[in-house]
Amino acid sequence: MSTHSRSARSTTLSLPPEELWTLHHVLLHRIEQEQTASDASGIGPPPLEVFQAFDALDGGESRFTATQLEAIRDVLATYHWSTDWWEIERPQLERLLQRVSTGLETIPPEPAP
């Protein structure tokens with residue numbers, strides 16, 4: 001795959017500061033979840049794309065690949081439907097899910113081989 005098509009398979013999310021913080025917080029929590037769980041037997045490590053997205057976000061970037069956005073969407077959806085203390089942030093999670101879904105829709109599909 002060429003460099004051009006890789007960059008075409010990404011998009012920038014324009015998020016207000018409070019949503020950036022929420023996304024950062026959710027991704028960090030998911031990354032640390034396996035280590036901090038009292039019973040980690042049912043919790044596996046997150047996909048590599050979650051780490052990549054967190055690193056980009058932590059470094060001030062807001063451009064994500066399609067696979068990173070899909071991983072972000074999956075994590076956000078899990079937290080959105082969680083009955084834990086995330087209830088307070090449910091409206092933020094809903095907005096983030098919408099923005100990530102919209103971002104995914106703007107990425108052109110991969111060309112056929």
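Everything numeric in this text was worked out from a predicted model, so none of it was measured. Count residues from 1 along the sequence.
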Is any side-chain heavy atom of L28 less than 4.5 Å from a side-chain heavy atom of D58? no

For a quick test of reading the model, state the closest non-hydrogen atom pair linking G103 to L69 and the distance between them. C-CD1, 4.1 Å

Atom pair CZ (R73) and CG (L96), whose distance is rounded to the nearest 0.5 Å: 14.0 Å

Salt bridge (charged side-chain N to carboxylate O under 4.0 Å, His left out) contacts in which one or both residues fall within residues 15-25, not counting sequence neighbours: E19-R95, E19-R99

Using 0.5 Å steps for rounding, measure from the CG atom of D55 to the CD atom of E61. 11.5 Å

Side chains of E105 and S101: donor-acceptor distance under 3.5 Å anywhere? no

Side-chain contact test, heavy atoms from C-beta onward, threshold under 4.5 Å: evaluate it for H24 versus L20 and give yes or no. no

side-chain contact (heavy atoms from CB on, under 4.5 Å) partners of T67, counting only residues at least two apart: E49, T65, E70

Going by the angle between their ring planes, with limits at 30° and 60°, are H29 and Y79 parallel, tilted or perpendicular? perpendicular

Just so I know, are the side chains of F64 and S10 near enough to count as touching, which here means a heavy-atom distance under 4.5 Å? no

Atom CG in L15, atom OG1 in T22: separation rounded to 0.5 Å? 9.5 Å

At their closest point, which heavy atom of A71 faces which heavy atom of V50, and how far apart are they? CB-CG2, 3.8 Å

Work out which heavy atom in L93 is nearest to a heavy atom in V26; give both atom names and the distance. CD2-CG2, 3.8 Å

Distance from L13 atom CG to L57 atom CG, nearest 0.5 Å? 9.0 Å

Looking only at heavy atoms, which two atoms of T106 and T11 are closest? And how far apart? OG1-OG1, 3.4 Å

Across all chains, not counting sequence neighbours, the side-chain contact (heavy atoms from CB on, under 4.5 Å) partners of D74 are none

